[in-house]
Engineer: 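Following this message is one structure expressed as structure tokens.
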2 protein chains.
Amino acid sequence: MSNSLTVISPAETAACCSPLTAQPLSMEQAEQVAPVLKALADPVRLRLMSLVASRDGGEACICDLNAAFDLSQPTISHHMKVLHEAGLVDRDKRGVWVYYRVRPQALASLGALIGVPPQ
Amino acid sequence: MSNSLTVISPAETAACCSPLTAQPLSMEQAEQVAPVLKALADPVRLRLMSLVASRDGGEACICDLNAAFDLSQPTISHHMKVLHEAGLVDRDKRGVWVYYRVRPQALASLGALIGVPPQ
DNA sequence: CGCAGACATAGACGAACATCAATGTCCTAC
DNA sequence: GTAGGACATTGATGTTCGTCTATGTCTGCG
């Protein structure tokens with residue numbers, strides 16, 4: 001449902017703000033960025049991101065990810081959905097498997113917002 | 001109480017991991033970094049960080065910050081406590097006022113973990 | 001001393017969240 | 001077409017979180 005309307009992904013909104021330390025965020029900006037950060041701010045999802053990103057080919061299916069945790073399959077599926085809806089990963093269904101892939105641009109926007117601007 | 005034991009601040013632990021996309025985080029690493037991200041992942045706290053950081057002199061007191069929100073004073077105080085315990089801001093009591101100041105190194109570590117490594 | 005102001009703490013409450021078991025949907029293979 | 005496997009959705013449950021009101025602590029001043 002939200003897929004058909006994906007004009008701009010949530011994670012891209014982080015690119016719309018200058019770095020945290022440059023000038024005050026407006027309430028609106030903060031409310032756009034916070035959910036993306038919240039999606040990352042969970043130990044399971046942080047690890048999922050790093051597992052997907054560092055995988056050969058940059059992608060992984062749920063079956064791969066399940067094996068890395070002591071959590072049920074629906075729980076992993078739920079976490080990947082949160083990351084996807086935040087615009088942090090892309091979904092790609094190929095046959096029976098669903099492959100996830102991180103969106104480097106989304107992570108870069110977040111990093112630029114939080115961290116030091118590129119010198 | 002936690003002040004007397006501050007050997008290493010939580011936010012510093014982000015500096016202990018290579019970037020998300022470089023290699024998988026261990027469960028332990030993820031559980032260390034996630035709370036720091038969680039401290040940032042709230043629209044009020046995000047805005048508080050940017051307000052403090054972009055202030056002249058890089059510091060602000062609660063009284064300054066209260067004025068920017070429609071929230072009660074204890075609520076702002078609570079949010080600043082969360083940011084402080086995460087190692088993202090420093091406290092400095094001078095007379096009746098308490099001044100907060102962001103820790104640039106903490107933000108930089110987070111940014112480096114999340115965003116692209118410096119090319 | 002005693003009062004007033006700046007900030008913190010405590011306790012309560014509703015909303016949001018992480019997890020699970022059960023079930024649903026879709027694809028492939030026989 | 002039927003069976004099985006991969007993943008998603010649903011509904012329930014315990015926990016965490018954001019906010020408030022009420023109260024406490026400390027500082028400066030008269």
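Sequence lines set the chain letters: A, B, ... in the order given, protein chains first and strands last, and positions in each chain run from 1. For the numbers below, each heavy atom of this structure counts, side chains included, while hydrogens, waters and symmetry mates do not.
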Engineer: Do A/M49 and A/L107 have side-chain heavy atoms sitting under 4.5 Å apart?
Structural biologist: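 A/M49 reaches A/L107 side chain to side chain.
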
Engineer: Which atom pair, heavy atoms only, marks the closest approach of B/L65 to B/A60?
Structural biologist: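 So the minimum-distance heavy-atom pair works out to CD2-CB, 4.1 Å.
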
Engineer: Give a yes or no on whether the backbone of A/Q73 and the side-chain of A/S77 come within a donor-acceptor separation of less than 3.5 Å.
Structural biologist: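 Such a contact is absent between A/S77 side chain and A/Q73 backbone.
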
Engineer: At how many degrees, to 10°, do the end axes of the helix from C/dC1-D/dG30 to C/dC30-D/dG1 meet when each uses five pairs?
Structural biologist: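 For the helix from C/dC1-D/dG30 to C/dC30-D/dG1, the axes at either end differ by 20°.
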
Engineer: Checking side chain to side chain contact (heavy atoms under 4.5 Å, CB included) against B/R45, which of B/I76, B/L83, B/V89, B/L40 comes through?
Structural biologist: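 With B/R45 as partner, B/I76, B/L83, B/V89, B/L40 yield a single side chain to side chain contact (heavy atoms under 4.5 Å, CB included), made by B/L83.
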
Engineer: Quick check against the 3.5 Å criterion: does A/R103 have a side-chain atom that pairs as donor or acceptor with the backbone of A/G87?
Structural biologist: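 A pair under 3.5 Å: yes.
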
Engineer: Given that A/R94 and B/K38 both sit by DNA chain C, which one's nearest nucleotide is further toward the 5' end?
Structural biologist: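 Looking at DNA chain C, the more 5' nearest nucleotide goes with B/K38.
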
Engineer: At their closest point, which heavy atom of A/A30 faces which heavy atom of B/P43, and how far apart are they?
Structural biologist: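 Smallest interatomic distance, heavy atoms only, reads CB-O, 3.4 Å.
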
Engineer: In whole Å, what is the span from the NE2 atom of B/H84 to the P atom of C/dC7?
Structural biologist: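 The distance from NE2 of B/H84 to P of C/dC7 comes to 15 Å, rounded to the nearest Å.
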
Engineer: For nucleotides 7-15 of chain D, read 5' to 3', which letter fits each nucleotide if B means a protein heavy atom sits under 4.0 Å from the base, S means only the sugar-phosphate is that close, and - means neither?
Structural biologist: BBB------

Engineer: Side chains of B/M80 and B/H84: does their closest heavy-atom pair fall under 4.5 Å?
Structural biologist: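 The answer is no; the side chains never approach within 4.5 Å.
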
Engineer: So which heavy atom on B/A106 is nearest to which on B/L88, and how close?
Structural biologist: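 Scanning both residues, the minimum pair turns out to be CB-CD2, 4.1 Å.
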
Engineer: Does A/Y99 share a hydrophobic cluster with A/V82, counting links as ILVMFWY side-chain heavy atoms below 4.5 Å and allowing steps through other members?
Structural biologist: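 In one cluster with A/Y99: A/V82, no.
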
Engineer: Provide, to the nearest angstrom, the distance between the CG atom belonging to A/D92 and the C1' atom belonging to D/dA6.
Structural biologist: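 Those two atoms, CG and C1', are 15 Å apart.
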
Engineer: Between atom NZ in A/K93 and atom C1' in D/dG5, what is the gap in whole Å?
Structural biologist: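 Spelled out: NZ on A/K93 to C1' on D/dG5 is 12 Å.
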
Engineer: Determine yes or no for a side-chain-to-main-chain donor-acceptor pair under 3.5 angstrom, with B/R101 supplying the side chain and B/G57 the backbone.
Structural biologist: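 Yes: the side chain of B/R101 pairs with the backbone of B/G57.
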
Engineer: Base, sugar-phosphate alone, or nothing: which one does A/R45 contact when heavy atoms must sit under 4.0 Å apart?
Structural biologist: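 Sugar-phosphate, backbone atoms only, no base.
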
Engineer: Pull out every residue in residues 46-58 of chain A that has a heavy atom closer than 4.0 Å to any atom of DNA chain D, ordered by number, or say none.
Structural biologist: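 Heavy-atom contacts with DNA chain D come from no residue of residues 46-58 of chain A; none.
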
Engineer: What pair of heavy atoms forms the shortest contact from B/A68 to B/R47, and how long is it?
Structural biologist: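 Between these two residues, the closest heavy atoms are O-NH1, 3.3 Å.
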
Engineer: With DNA chain C as reference, determine whether A/G95 or A/D42 sits nearer its 5' end, using the nearest nucleotide of each.
Structural biologist: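 It is A/D42, whose closest nucleotide lies nearer the 5' terminus.
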
